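Just below is one structure, and these are the notes that go with it.
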Amino acid sequence: MRQSRLFTKTRKEAPKDEVSKNAQLLIRAGFIHKEMAGVYSYLPLGRRVLENIERIVREEMDAIGGQEIRMATLHPSEPWKQTGAWDNVDVVFKIQSRTEKEYTVGQSEEEIVTPIAGEYATSYKDLPVAIYQIGQKYRDELRAKSGIMRGREFSMKDMYSFHETQEDFDRFYAEAKEAYLRVYSRLGLVAKATEASGGAFTKKLSYEFMVLTDAGEDDILYCDTCSYCTNVEVSTQNEGDECTRCNQGVLSRAKASEVGNIFDLGTKYAQDFNVTYKNKEGESVHPIMGCFGIGITRLMGVIVEALADEKGIVWPTTVAPFKVHLVGLLGDDTELREYADGVYASLKDKGIEVLFDDRDARPGEKFADSDLIGLPYRVVISKKTKEEGRFEVVERKTGVVTFLSEEELYSMVGGREYQG
RNA sequence: CGGGGCGUAGUAUACCGGUAGUACGUCUGGUUUGGGACCAGAUAGACCGAGUUCGAUUCUCGGCGCCCCGACCA
């Protein structure tokens, strides 16, 4: 992508109505555009980030047997009344058409997926099954806040699994938990699985996946020795207590942001929709159901919050909209410009995603924009680097500058996965 | 939903009961070119409605919108 053709531009100042770091930086860098409180559009750079997050989530869900579908987002009100959510869940949007028929838009999809699963998973031989989608969700929040971290419209991966037994559900949960931790790790985040309350429709514990960040809405206690972690809202312990799991570590308290959760839904929805399968004995049985969520847009916000520095965003290589920011300090030197065009073309030929700052702007402005946008590697091309026959490469995360040959450059930026 | 704050060019801000100034951006011309450069010129603005007033962007009321704290958070 040539930056001179990228229709978004950077800004020096954030709009005054945005306070959160994620929204300020993402707006200043041209990743998102605010439509109203809690609703954002994703511009070319932002859309590429979302796509990268989605790809990683998709790969990990597929790896544990998830099957991707795409459910409707406009829903009839009937299934929502059938489960009680229409009256009991306050964030459900209620829409009335001109014929006075009532609809809602999906804030979660149990009401849609359960009947779909029931139509096909009719035998114990069909179980277990895990169905997921990645898509827009809508919640009538009284107060949207924190930029893209808590919106009225957002993107979420929601997976629903159906099982014969609690044991099988527990097995799948353990696999899903590992898959979730792989997702966060690949996104360059450190997440902890915590115990939390079960929400509106289950008394069982749920598990939340939390990333430590001061922008978080939750307070957690975590052990400094083992992996134990709990939400303070359900914990009977306090900061400084000895960990009750390993009896060695001490609990620390921190702010964290929820980036995923799992609920054991039991047979509630299967009962509501009278969904059953036939077991070996030929009896009709309600499947045990679980739901697994990952907030895609929230993850984008959390990554910004957790990794940005005073100069701007710092994207992990796995989610960056482009791997390389090729910054040309070219002036009106035609020969130099042709040389830079050639470097841009060969990077693209190697399959490396590159944003080429070919704009007619001064160096300081280009460097500042480059820091703000936060691509993992900045490759500077100037009269100096051309004469020396090497590329000046600056790693955004560390600021480390190296001068590399063409081959060394390709080997540094060639791989896609996060290097740590 | 309770409490608080704020609505002025694209963005950030200033002043004022007598129709608005600055910076950045954008456009034109010129000089520049390794950390947001300079000169000259141009462009563009009072959220909506009602009231008070000779006159309202300014004061009052209502609406709408946005932000923050809390509550809530499938």
Side-chain angles (χ1 to χ4, degrees), chain A residues 8-20 23-24 27-28 30 33-39 80 83-86 88-93 104 106-113 137-147 149-152 154 156 158-160 196-202 204 206-208 216-218 231 233 257-258 260-265 268-269 289-295 298 311-312 327-333 336-337 357 359-373 378 380-388 392 394 399 401:
Chain A
T8 58
K9 295 173 184 172
T10 60
R11 288 194 216 166
K12 275 188 193 169
E13 286 169 302
K16 66 168 177 290
D17 65 357
E18 293 286 4
V19 173
S20 67
Q24 286 195 346
I27 289 172
R28 283 185 52 211
H33 178 263
K34 185 183 207 150
E35 304 302 339
M36 57 175 157
V39 180
W80 291 84
T83 62
W86 186 266
N88 297 332
V89 177
D90 50 12
V91 296
V92 171
F93 272 107
T104 187
Q107 51 92 36
S108 184
E109 304 261 353
E110 284 86 349
E111 278 76 1
I112 301 302
V113 76
K137 297 286 177 292
Y138 302 86
R139 292 188 185 171
D140 191 5
E141 297 280 358
L142 288 177
R143 183 184 164 205
K145 62 171 183 173
S146 305
M149 310 257 300
R150 182 170 168 181
R152 298 199 168 93
F154 56 96
M156 185 168 93
D158 45 324
M159 180 163 72
Y160 307 88
S197 69
F201 284 121
T202 170
K204 298 175 180 177
S206 72
Y207 294 87
E208 293 174 341
E217 295 186 296
D218 294 87
N231 197 310
E233 72 185 14
S257 185
E258 181 189 336
N261 63 15
I262 172 200
F263 293 93
D264 178 347
L265 298 173
K268 168 175 166 57
Y269 290 93
M289 189 173 163
C291 111
F292 306 73
I294 292 184
R298 171 174 284 196
K311 290 178 176 175
V327 174
L329 308 183
L330 309 174
D332 44 15
D333 184 333
L336 185 57
R337 194 165 280 274
D357 190 350
R359 297 174 303 166
D360 183 22
R362 293 172 60 84
E365 187 177 350
K366 292 191 172 197
F367 291 143
D369 280 351
S370 176
D371 289 333
L372 177 62
I373 290 170
R378 177 197 303 162
V380 183
I381 292 187
S382 66
K383 184 171 280 182
K384 188 175 78 181
T385 67
K386 178 176 175 245
E387 282 167 2
E388 291 172 1
E392 175 184 322
V394 185
V401 184

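Each chain gets a letter, A, B and so on, in the order its sequence line appears, and its residues count up from 1. Atoms considered below: every heavy atom in the structure, side chains included; atoms not considered: hydrogens, waters and symmetry mates. Bear in mind the structure is a predicted one, so any value in this text is a computation, not a measurement.
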For salt bridge (charged side-chain N to carboxylate O under 4.0 Å, His left out), just list the numbers for A:Arg378 and A:Asp371, CA-CA rounded to whole Å, side-chain angles, deciding distance to a tenth of an Å, and then say yes or no. CA-CA 9 Å; A:Arg378 177 197 303 162; A:Asp371 289 333; 2.4 Å; yes
Checking A:Glu217 against A:Lys145 for the salt bridge (charged side-chain N to carboxylate O under 4.0 Å, His left out) test, could you report, in this order, the C-alpha distance in whole Å, the side-chain angles of both residues, the deciding distance, and whether it holds? CA-CA 10 Å; A:Glu217 295 186 296; A:Lys145 62 171 183 173; 3.7 Å; yes
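Remark: the A:Arg378 side chain and the B:G35 base include a donor-acceptor N/O pair separated by less than 3.5 Å. Side-chain to base pairing of A:Arg150 with B:C72: one donor and one acceptor N or O lie within less than 3.5 Å of each other.
If you check every strand for non-hydrogen atoms under 4.0 Å, A:Thr385 touches a base. Residue contacts for A:Asn261: at a heavy-atom cut-off of 4.0 Å it reaches no nucleic acid atom on any strand shown. Backbone-only contact: A:Ala37 has heavy atoms under 4.0 Å from sugar-phosphate atoms and none from a base.
Comparing B:G34, B:A37, B:G36 by their closest approach to the side chain of A:Arg362 singles out B:A37. Proximity note for A:Arg28 (side chain, C-beta onward) versus B:U33, B:G36, B:C67: the nearest is B:G36. Among the nucleotides B:G36, B:C69, B:G35, the one closest to the side chain of A:Thr10 is B:G36.
The side chain of A:Arg143 contributes no N or O atom lying less than 4.0 Å from OP1 or OP2 of B:G2. Phosphate proximity of B:G65 to A:Lys34: absent, as no side-chain N or O sits under 4.0 Å from OP1 or OP2.
Regarding the sugar-base torsion, B:U19 falls in the syn class, its angle being within 90° of 0.
Taking the C1' atom of each, B:G25 and B:G62 are spaced 36 Å apart, rounded to whole Å.
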Readout for nucleotides 6-14 of chain B: B = base within 4.0 Å of protein heavy atom, S = sugar-phosphate only, - = neither; 5' to 3' it is --S--SSS-
